[in-house]
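Below, read A as the first sequence line, B as the second, and so on, with proteins coming before strands; counting in each chain starts at 1. Keep in mind that this is a model prediction, so the values were computed, not measured.
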Protein chains: 2
Amino acid sequence: MSINELPLLEGARVPLASDPLTEIEAAALAHVFKALADPVRLRLFSLIASRAGGEASVLDLAAHFDVTQPTISHHLKVLRESGLIDSERRGTSIYSRVRPQALAQLAMLLMPGEAAS
Amino acid sequence: MSINELPLLEGARVPLASDPLTEIEAAALAHVFKALADPVRLRLFSLIASRAGGEASVLDLAAHFDVTQPTISHHLKVLRESGLIDSERRGTSIYSRVRPQALAQLAMLLMPGEAAS
DNA sequence: CCTGAATATTGACTGAAGTCAATAAGAAGA
DNA sequence: TCTTCTTATTGACTTCAGTCAATATTCAGG
């Protein structure tokens with residue numbers, strides 16, 4: 001379930017506070033927030049985003065953490081499946097980059113008065 | 001741990017994608033996102049926010065869900081302790097309202113290029 | 001005070017999620 | 001193809017989080 005598939009985001013109309021969320025919408029949104037609700041994933045995300053070039057390999061990223069490489073792979077998968085990052089294989093490494101639309105969509109959802117079509 | 005105590009939000013300077021989060025910052029932020037990472041809490045939040053008058057009692061809210069009243073109380077507590085809502089007792093009921101600053105702060109964090117002091 | 005109404009707390013259960021060690025899979029180079 | 005480097009998957013363990021039933025707390029009215 002990726003952020004792209006959120007029905008309320010496709011219409012880009014409903015900030016969180018202007019209309020009650022349906023159960024479906026809430027479940028989809030919760031899934032995205034859950035992806036951001038882990039310290040390691042948040043640091044991964046901001047590490048990737050603030051890299052010169054905007055991308056980083058798994059081992060590059062793993063070097064910044066105390067957890068093992070499989071754990072980093074797991075967290076990247078969660079971010080990827082939520083539509084927050086993209087990954088591209090080049091040679092033997094896999095480079096991840098953030099999807100700028102993702103953050104913008106979330107921000108629009110939170111920000112009252114930003115609901116443009 | 002409330003959203004007000006986030007060090008990076010007090011300075012209001014760092015969008016998520018411009019600088020790597022420290023472990024401390026990431027832990028604090030994750031705590032806030034975790035509060036939004038549940039379908040019931042998301043619906044509670046948007047229900048309260050979209051109410052005429054901007055507030056609702058626990059029983060009012062509970063009527064919209066399949067879960068029990070203690071569960072609603074629990075979720076409201078989580079939202080309150082994350083700084084996303086405020087609660088005020090009036091008579092025998094307790095009315096919750098959203099804290100508008102909370103959403104705005106989060107949105108600023110996500111939105112690139114919105115970092116004003 | 002006693003009763004009734006609204007909300008909170010406690011304790012227990014259950015399923016989800018983060019982590020690791022071990023191993024597999026994919027790609028590049030000799 | 002064999003080896004090495006990088007990443008992914010599997011299975012097990014453990015902690016955390018959502019939920020409920022039962023009970024406690026707080027307040028208003030009579």
Side-chain angles (χ1 to χ4, degrees), chain A residues 1-2 21 23 26-45 47-48 51 53 55-82 84-97, chain B residues 1-2 21 23 26-45 47-48 51 53 55-82 84-97:
Chain A
M1 175 164 345
S2 147
L21 294 171
E23 297 186 33
L29 235 198
H31 192 260
V32 177
F33 278 122
K34 209 167 290 187
L36 289 172
D38 180 272
V40 173
R41 286 197 291 271
L42 275 176
R43 288 178 62 208
L44 278 173
F45 190 91
L47 262 177
I48 296 170
R51 268 295 169 81
E55 60 182 18
S57 74
V58 177
L59 277 190
D60 270 5
L61 294 168
H64 293 78
F65 296 85
D66 283 336
V67 301
T68 63
Q69 171 268 317
T71 297
I72 297 294
S73 271
H74 165 67
H75 284 307
L76 288 173
K77 186 180 189 178
V78 172
L79 290 172
R80 201 180 313 125
E81 288 176 345
S82 301
L84 293 167
I85 66 172
D86 265 337
S87 295
E88 178 198 359
R89 166 155 238 150
R90 249 176 12 248
T92 170
S93 296
I94 293 186
Y95 296 91
S96 298
R97 26 193 347 128
Chain B
M1 174 164 347
S2 146
L21 294 171
E23 296 185 35
L29 235 197
H31 193 261
V32 176
F33 278 122
K34 209 166 289 188
L36 289 172
D38 179 273
V40 174
R41 286 197 291 269
L42 276 177
R43 288 179 62 209
L44 279 173
F45 190 92
L47 262 177
I48 296 170
R51 269 294 169 83
E55 61 181 17
S57 74
V58 177
L59 277 191
D60 270 6
L61 294 168
H64 292 78
F65 297 85
D66 284 335
V67 300
T68 63
Q69 171 266 318
T71 298
I72 298 294
S73 271
H74 165 68
H75 284 307
L76 289 174
K77 185 180 190 179
V78 172
L79 290 173
R80 202 179 314 125
E81 289 176 343
S82 302
L84 292 166
I85 66 172
D86 264 338
S87 295
E88 176 197 0
R89 167 155 237 149
R90 242 172 21 245
T92 169
S93 295
I94 293 187
Y95 297 92
S96 299
R97 25 193 349 128

| CA sep, side-chain torsions, deciding dist, call: A:Ser93, A:Leu59, side chain to side chain contact (heavy atoms under 4.5 Å, CB included) | CA-CA 9 Å; A:Ser93 296; A:Leu59 277 190; over 6 Å; no
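- Per the geometry, CZ belonging to A:Phe33 stands 15 Å off P belonging to D:dG18, to the nearest Å.
- Rounded to an integer number of Å, the gap from B:Glu88 CD to D:dT26 P is 18 Å.
- For the side chain to side chain contact (heavy atoms under 4.5 Å, CB included) test, residues two or more places apart in sequence or in another chain that qualify with B:Pro70 are B:Thr68.
- Per the geometry, CZ belonging to B:Arg90 stands 14 Å off C1' belonging to C:dA6, to the nearest Å.
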Atom pairs under 3.5 Å: protein N/O with N/O of nucleotides 8-15 of chain D:
from, atom 1, to, atom 2, distance (Å)
D:dA8, OP2, A:Ser73, OG, 2.6
D:dA8, N7, A:Gln69, NE2, 2.9
D:dA8, N6, A:Gln69, OE1, 3.4

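- In this structure A:His75 satisfies the side-chain hydrogen bond (donor to acceptor under 3.5 Å, both in side chains) test together with A:Arg41, sequence neighbours excluded.
- Put simply, NZ on A:Lys34 is 10 Å from C1' on D:dG18, counting in whole angstrom units.
- A search for side-chain hydrogen bond (donor to acceptor under 3.5 Å, both in side chains) contacts involving B:Thr92 returns nothing, not counting sequence neighbours.
- Legend: salt bridge (charged side-chain N to carboxylate O under 4.0 Å, His left out) pairs involving residues 55-66 of chain A, not counting sequence neighbours, sorted by first then second residue: A:Arg51-A:Asp60, A:Glu55-A:Arg90, A:Glu55-A:Arg97.
- Screening B:Asp38, B:Leu61, B:Leu84 for a side chain to side chain contact (heavy atoms under 4.5 Å, CB included) involving B:Leu44 leaves a single residue, B:Leu61.
- Comparing B:Val78 and B:Thr92, the nucleotide of DNA chain D nearest to each residue sits closer to the 5' end for B:Val78.
- To the nearest angstrom, C1' of C:dA17 lies 12 Å from NE2 of A:His31.
- Here C:dA17 presents its P atom at 12 Å from CD of A:Glu81, a figure rounded to the nearest Å.
- In this structure, CG of A:Leu44 is placed 13 Å from C1' of C:dG18, rounded to the nearest angstrom.
- Taking only side-chain nitrogens and oxygens, B:Ser57 comes nearer than 4.0 Å to OP1 or OP2 of C:dT7.
- With C:dA17, D:dG18, C:dT7 as the choices, the nucleotide that has an atom nearest any side-chain atom of B:His75 turns out to be D:dG18.
- Spacing between atom CZ of A:Arg41 and atom C1' of C:dG18 amounts to 8 Å, rounded to whole angstrom units.
- B:Ser87 meets the side-chain hydrogen bond (donor to acceptor under 3.5 Å, both in side chains) test with B:Arg80, B:Ser96; sequence neighbours excluded.
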